[in-house]
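Each chain gets a letter, A, B and so on, in the order the sequences are listed, and its residues count up from 1. Predicted model, so just to flag it, every value in this text is computed and none were measured.
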2 protein chains.
Amino acid sequence: MTTIYDIARAAGVTATTVSNVLSGKGSVSSATRARVMQYAEELNYSPNLVARSLIKGRTGVLGLVFPSIDNPFYAEITAAMERLAYQAGFRIFVSTFSNGDQTGQKMLKDLALRRVDGVIIFSAAISLDIIHAMALPHLPIIYCLEEEMQACPFPALSYNFFQGGQLAGEHLLSLGHRHIGLLTHMTDEGEYCHVARVKGLQAALATYNLELDSRLVKNGISSVEPGKIVGRELLTQPNRPTAVFATNDMMAIGLMAAAWELNIQIPRDLSVIGFDGIAISRFTTPPLTTIKIDIDRLAAEAINLLLHNIENPLSSQTIVLPAQLLAGASTGPLHL
Amino acid sequence: MTTIYDIARAAGVTATTVSNVLSGKGSVSSATRARVMQYAEELNYSPNLVARSLIKGRTGVLGLVFPSIDNPFYAEITAAMERLAYQAGFRIFVSTFSNGDQTGQKMLKDLALRRVDGVIIFSAAISLDIIHAMALPHLPIIYCLEEEMQACPFPALSYNFFQGGQLAGEHLLSLGHRHIGLLTHMTDEGEYCHVARVKGLQAALATYNLELDSRLVKNGISSVEPGKIVGRELLTQPNRPTAVFATNDMMAIGLMAAAWELNIQIPRDLSVIGFDGIAISRFTTPPLTTIKIDIDRLAAEAINLLLHNIENPLSSQTIVLPAQLLAGASTGPLHL
DNA sequence: CTGAAAGCGCTAACAC
DNA sequence: GTGTTAGCGCTTTCAG
């Protein structure tokens, strides 16, 4: 690896001059500039960004922390953010929880050791206290997609999950469904991960003087296979629902797969509504009705916030964007 | 940010001793060890991995270069590799071509500047010459998933795409199909990106004395939306095929969506076979018959090769793994 | 067992 | 215009 010293020696100047030439700073005579450039080329020089990072105190790297890239929802977010970050001259470290023993705290810690310039966190699996502790020595952090945005000691960005759940419920109710099932994700302690979405559904039911029927509530992990397994349970029990709200699209797709195996026609025999609006939801058969989270908007706002936060510490603020109903063909009027 | 000097000053020792304590090297009296540890804790010390990287000449970072993380195939690969890399103490930079102007060469160059310890490349979009040039100053590179593995000047790893295409063709032929369509991905110059898969199909056809009917060949980008658009063209033309080989699963899913809109039943009216075996292909309706690339195997072999290559330059070698038919319900016997 | 000195590759003041 | 000096935070000989 050739260094600026190699070039300096070859060109008969000092390292500073080489640095000045390469960075375009200071003033250098065009003669030496040319000479330096030529040797840089000849010696196939490439700057060592590690050294530059050390001195600048900036690495030009952002950390992304989220549960699993296997879920297209996060894959799409990663794609969008990587693109935007790249345009701003940043690289991305991906850190997912799929790493077995890897706790959120460890992941954050490691990113800090590597001196990333900022971090975007998705997931409730990391407590706000821990994040706060990391953020204190000014590690810029943007916290995304928390279900219920509380007062947050650092900048946060989310969608209105409650409203989304409500939209889903209202949609099914307006189609005449009263026997509504729920496919959702709870923690081991029995709390809903998708708690705000569920509360939104409950609020919608309440306006019809209905309550969530616990026999129609099934719990799985936010992925397609569990969605199918648990969906099958939901569909094979005695008094099965006429419509199901799956709190994310992957579970909804799993549910549709279960329905297909059971020869239950969608939407004739069963309406299904998802949540997220991932790209592939437009291409299932039938196309999924879902609550859309605008991923491009999310990515743009998050990266923007983060880059600002890196420049000068940002006052903690919370942005909550609206969720939207995205009509498909997986929901239809109740048939008696 | 506290440094080892801060600790040294507080503990009344020198930075060397602190370094020794923290790294567990050298020999330090248990008294000073304890003292140093205590101050490290108290001052909330965290080592600067950038500095360590500079001195060690190792960053503990691997670069992953591929076309698009939006395709679940690559998302799954990324997930698997990230997990394995993490276990070996490495972080991952993701670099995708979705970055507009970003050429493969630029991406590689940038990863080199950042002094990644090694790179895994997917995609034919980077010429072997360029990769070779990068690999020369010993940047360990593993080249993955080239359609037709030629003699490669650096370690490479692929699946037998020709055989995969052949399996797909044989499968459809054995079901009685003779009027077989192809949904594939070509470059602007008209070359097939999925050239080996197509050749495999042609080989299978040849054993039945058949040839690829150019009217039944449609070209799109390896994604679900183009698959649907182009699939619709294929299905609405006069003499439509009874079976279609889509050279990746996302296009196959797009094709199935087009069939659904046209009220063409799968597999009764149309057989569809895909390629890749992405997770979601097991949950489409009907589940997709496809040619499976074992992603976990691929990830494990690639990471292994790369880590070995990092330790000591590896002789260039090419591993080609077999592709497998994964039966679904999207293909069935020809109905007349 | 501990410390002094040098250096990884680069940049930033400040002289000259 | 160009060079000198110092230093980012850490590790690594090598003395003592």
To the nearest Å, how far apart are [X] [atom1] and [N] [atom2]?
| X | N | atom1 | atom2 | answer |
| --- | --- | --- | --- | --- |
| A:I4 | C:dG7 | CD1 | C1' | 14 Å |
| B:L22 | D:dT12 | CG | C1' | 15 Å |
| A:Y5 | C:dA6 | OH | C1' | 13 Å |
| A:R114 | D:dC10 | CZ | P | 15 Å |
| B:D6 | D:dG9 | CG | P | 9 Å |
| A:M1 | C:dC10 | CE | C1' | 15 Å |
| B:N20 | C:dC1 | CG | P | 12 Å |
| A:R9 | D:dG3 | CZ | C1' | 16 Å |

For [N], does OP1 or OP2 lie under 4.0 Å from any side-chain N or O of [X]?
| X | N | value |
| --- | --- | --- |
| B:S29 | C:dT2 | yes |
| A:T14 | D:dT2 | no |
| A:K25 | C:dA12 | yes |
| B:T17 | C:dG3 | yes |

Which residues, if any, of residues 31-62 of chain A bring a heavy atom under 4.0 Å of DNA chain C?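 Contacting residues: A:Y45, A:P47, A:N48, A:A51, A:R52, A:I55, A:K56.
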
Closest-nucleotide ordering on DNA chain C, the 5'-leading residue of A:A15 and B:G26: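 Checking each residue's closest nucleotide, the 5'-ward one belongs to B:G26.
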
Surrounding [atom1] of [X] (heavy atoms of other residues, nucleotides or ligands, distance under 6.0 Å), is the total greater than 12?
| X | atom1 | result |
| --- | --- | --- |
| B:E301 | CD | yes |
| A:Q105 | CD | no |
| B:L128 | CG | yes |

Counting side-chain heavy atoms from CB outward, which of C:dC1, D:dT11, C:dA5 is closest to B:S19? D:dT11

Given D:dT4, C:dA4, D:dT11, which nucleotide is nearest the side-chain atoms of A:T16?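 Looking only at side-chain atoms, A:T16 lies closest to D:dT4.
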
Return yes if some donor-acceptor pair links the side-chain N/O of B:R115 with the main-chain N/O of A:V50 below 3.5 Å, else return no.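 Between the backbone of A:V50 and the side chain of B:R115 there is no qualifying donor-acceptor contact (under 3.5 Å).
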
If you measure from OG1 on A:T96 to CZ on A:F66, what distance do you get to the nearest 0.5 Å? 6.5 Å

Report the relative orientation of the aromatic rings in A:Y143 and A:F154; use parallel for angles under 30°, tilted for 30 to 60°, perpendicular for over 60°. perpendicular

Would you call the rings of A:F93 and B:F93 parallel, tilted or perpendicular, taking 30° and 60° as the class edges?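 If you compare the ring of A:F93 with that of B:F93, the planes turn out parallel.
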
